[in-house]
Amino acid sequence: MKSEKKSLGEIARLLGGTVIGDPAAEVNRPASPAGALAGDICAVWEVRDLEKIQGGVHLLASTDAFVSRSGLTGISVKNPRAAFPVLLSLFQAVRKDRGVHPSAVVSPHAAVSPEAWIGPLCVVEGGAVIGEGVRLRANVFVGEGCVLGAGTVVEPGAVLLEKVRTGKDCLIHGGAVLGCDGFGILPAAEGNGPVKIPQLGGVVLGDEVEIGACTTVDRGTLDDTVVGSFTKVDDHVHIAHNAVIGKNCIVVAMTGIAGSAVLEDNVIMAARSGVKDHTRIGRGATVAANGGAIKDVPPGAVVSGFPARDHRENFRVQAAQQHLPELLLRVRKLEQAVFSPDESRPEKKKNGDGK
């Protein structure tokens with residue numbers, strides 16, 4: 001499963017760049033500026049990083065970077081930062097296994113593409129559909145009625161319960177649980193205990209969705225919980241039942257999205273942020289780290305704090321809080337100047353009625 005070496009010319013063609021130097025020069029691997037060795041290629045978009053580059057290292061950089069120092073070789077592109085992920089993908093190892101491992105348990109009523117790989121100790125229940133090029137790496141559970149789109153990869157220890165459907169080329173990391181019951185509970189009343197509400201919906205992922213390690217996505221009560229195409233969900237995130245997340249969203253670690261919340265397209269939820277149930281986050285909005293949205297957020301807004309408010313307003317609130325000890329001291333001095341000692345102590349002014 002080793003990645004193959006590539007030439008500068010081949011990489012330039014795939015990146016849409018221009019070779020600076022010998023197109024036939026062989027590239028060993030991508031590397032960081034500090035760790036790159038001769039024959040490696042290093043993406044640079046900060047001029048100061050050029051000082052860290054050793055001789056013989058190829059660059060993926062802008063034309064200006066090559067002009068700034070003579071003798072550099074590599075690939076010139078307009079936007080090195082944007083080209084960087086593509087460069088890494090060219091050297092990413094590709095697994096080509098297919099078939100079913102002898103230790104896997106696959107229902108005869110499941111439909112498994114001959115181009116898929118069902119790894120060791122996996123379980124695939126009846127009615128599941130495993131598409132072309134799908135990879136269940138090891139110890140993966142796929143429940144009844146699940147549909148995994150072509151090219152989807154499920155890493156070890158993930159659980160996909162009933163009615164989970166993915167688009168093409170999704171990536172589900174180890175320990176994730178999709179399709180568990182939504183937390184629908186009627187509170188205890190009239191001497192009875194809490195009542196569990198059955199959850200009959202499913203989970204739907206669009207194309208190229210990524211679900212992080214140990215993340216949970218609950219099934220809907222009646223309708224499906226939906227995560228739109230190209231959305232990336234980090235580790236340790238919880239997406240509750242009936243939530244609808246749009247396309248191109250980024251949901252960072254420790255975020256909680258409550259039931260029936262809606263995230264429109266291109267929303268960013270930063271680390272440890274949260275959304276109240278039945279709340280809508282508008283297209284392109286950002287909820288900053290530790291922010292808690294308890295009411296709708298307008299499209300394009302940036303909010304922070306709890307309850308979440310406009311980011312700049314929240315900064316002003318935080319700045320004012322820093323001066324509270326000083327303000328309290330000033331108020332006490334004013335009280336001492338205006339009132340007698342007895343009047344400046346509210347607890348001494350209370351009568352029998354507490355007034």
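For the single chain, residues carry numbers from 1 onward in sequence order.
- Using a 4.0 Å cut-off between charged side-chain N and carboxylate O, D207 and K168 make no salt bridge.
- In this model, a donor atom of one side chain and an acceptor atom of the other lie less than 3.5 Å apart for S76 and T63.
- A donor atom on one side chain and an acceptor atom on the other are found under 3.5 Å apart for Q199 and T221.
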Task: Verdict with reasoning, R137 to W117, per side chain to side chain contact (heavy atoms under 4.5 Å, CB included) - done: CA-CA 7 Å; R137 290 191 53 187; W117 167 244; 5.7 Å; no
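- Rounded to the nearest 0.5 angstrom, I197 CD1 and L222 CG are separated by 10.0 Å.
- Under a 3.5 Å cut-off, the side chain of D234 and the backbone N or O of G212 do not form any donor-acceptor pair.
- The cluster map of Ile, Leu, Val, Met, Phe, Trp and Tyr, joined by side-chain heavy atoms under 4.5 Å apart, puts V19 and F91 in the same cluster.
- You'll find the side chain of R135 stays beyond 4.5 Å of the side chain of R98, heavy atoms only.
- Between T255 and V252, the shortest heavy-atom distance links the atoms OG1-O, 2.8 Å.
- Judged by distance alone, the side chains of N290 and S273 never bring a donor and an acceptor atom under 3.5 Å apart.
- No side-chain donor-acceptor contact under 3.5 Å links S260 to the backbone of A243.
- Summarising the local packing, CD of E115 is surrounded by more than 12 heavy atoms from other residues, nucleotides or ligands at distances under 6.0 Å.
- A 6.0 Å sphere centred on CZ of R332 holds no more than 12 heavy atoms belonging to other residues, nucleotides or ligands.
- For the atom pair CD1 (I53) and CG (L72), the distance works out to 8.5 Å, reported to the nearest 0.5 Å.
- Using a distance-only test at 3.5 Å, with no hydrogens or angles considered, a donor-acceptor pair links the side chain of T215 to the main chain of V237.
- When side chains are defined from C-beta on, V227 counts as touching I239, because their heavy atoms get closer than 4.5 Å.
- No donor-acceptor pair under 3.5 Å is formed between the side chain of D277 and the backbone N or O of G259.
- Atoms NZ and CZ, on K6 and R13 in that order, are 10.5 Å from each other to the nearest 0.5 Å.
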TODO: Please report the C-alpha distance between D235 and C214 in whole Å, then the side-chain angles of each, then the deciding distance to 0.1 Å, and finally whether the side chain to side chain contact (heavy atoms under 4.5 Å, CB included) criterion is met.
DONE: CA-CA 6 Å; D235 302 341; C214 300; 5.8 Å; no
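- In the hydrophobic clustering of ILVMFWY residues, with side-chain heavy atoms under 4.5 Å counting as a link, I245 and V262 come out apart.
- Going from atom CG of L324 over to atom CG of L329 covers 12.5 Å, rounded to the nearest 0.5 Å.
- Sorted pairs that involve residues 217-241 and meet ring pair (Phe, Tyr, Trp, His ring centres under 6.0 Å), not counting sequence neighbours, are lacking altogether.
- At least one side-chain heavy atom of K196 sits under 4.5 Å from a side-chain heavy atom of I185.
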Task: Derivation and outcome, side chain to side chain contact (heavy atoms under 4.5 Å, CB included), residues V303 and R309 - done: CA-CA 5 Å; V303 298; R309 55 170 65 88; 6.0 Å; no
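- Tracing side-chain contacts under 4.5 Å through hydrophobic residues (I, L, V, M, F, W, Y), one reaches V44 starting from F66; they form part of the same cluster.
- The residue from I172, V203, I257, V233 that alone fulfils the side-chain contact (heavy atoms from CB on, under 4.5 Å) condition with V217 is V203.
- Without hydrogens or angle criteria, T73 side chain to H58 main chain gives no donor-acceptor distance under 3.5 Å.
- Taking each heavy atom of V86 and A82 in turn, the nearest pair found is CG2-O, 4.2 Å.
- The two residues P298 and A285 have their closest heavy-atom pair at O-CB, 3.7 Å.
- No more than 12 heavy-atom neighbours from other residues, nucleotides or ligands sit within 6.0 angstrom of CZ on R330.
- Residue pairs meeting the ring pair (Phe, Tyr, Trp, His ring centres under 6.0 Å) criterion with at least one member in residues 10-45, sequence neighbours excluded, are W45-F84.
- Using a 4.5 Å cut-off between side-chain heavy atoms of Ile, Leu, Val, Met, Phe, Trp and Tyr, with links allowed through other members, L178 and V204 fall into different hydrophobic clusters.
- Across V27 and L8, no two heavy atoms sit closer than the pair CG2-CD2, 3.7 Å.
- A 4.5 Å side-chain heavy-atom check between V106 and I130 finds every atom pair outside the cut-off.
- At least one side-chain heavy atom of L136 sits less than 4.5 Å from a side-chain heavy atom of L148.
- In this model, a donor atom of one side chain and an acceptor atom of the other lie less than 3.5 Å apart for H101 and S103.
- Distance alone, capped at 3.5 Å, is enough to place a donor-acceptor pair between the T231 side chain and the G246 backbone.
- Separating the CD1 atom in I118 from the CG atom in D97 is a distance of 11.5 Å, to the nearest 0.5 Å.
- Side chain of S107 to main chain of H109: a donor-acceptor pair is present (N/O by atom type, distance under 3.5 Å, no hydrogens or angles).
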- [ ] In sequence, state the C-alpha distance, the side-chain angles, and the governing distance for F141 and V124, and then conclude on side chain to side chain contact (heavy atoms under 4.5 Å, CB included).
- [x] CA-CA 6 Å; F141 179 87; V124 179; over 6 Å; no
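- Looking at every heavy atom in both residues, E125 comes nearest to G143 through OE1-CA, 3.7 Å.
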Sequence neighbours left out, cut at 3.5 Å: what donor-acceptor pairs do the side chains of residues 152-164 make with other protein atoms?
| from | atom 1 | to | atom 2 | distance (Å) |
| --- | --- | --- | --- | --- |
| T152 | OG1 | G149 | O | 3.0 |
| T152 | OG1 | T166 | OG1 | 3.3 |
| T152 | OG1 | G167 | O | 3.1 |
| T152 | OG1 | C170 | N | 3.3 |
| E155 | OE1 | H173 | ND1 | 3.0 |
| E162 | OE1 | R219 | NH2 | 3.3 |
| K163 | NZ | L200 | O | 2.9 |

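- Cluster annotation: V147 and V100 are assigned to distinct hydrophobic clusters (Ile/Leu/Val/Met/Phe/Trp/Tyr, side-chain heavy-atom contacts under 4.5 Å, transitive).
- Considering all non-hydrogen atoms of both residues, M269 and V287 come closest at SD-CG2, 3.7 Å.
- Using a cut-off of 4.0 Å between Lys/Arg side-chain N and Asp/Glu carboxylate O, K247 and D265 are scored as not salt-bridged.
- Separating the CD1 atom in I268 from the CD1 atom in I281 is a distance of 12.5 Å, to the nearest 0.5 Å.
- D22 places a side-chain N or O within donor-acceptor distance of the main-chain N or O of A24, the cut-off being under 3.5 Å.
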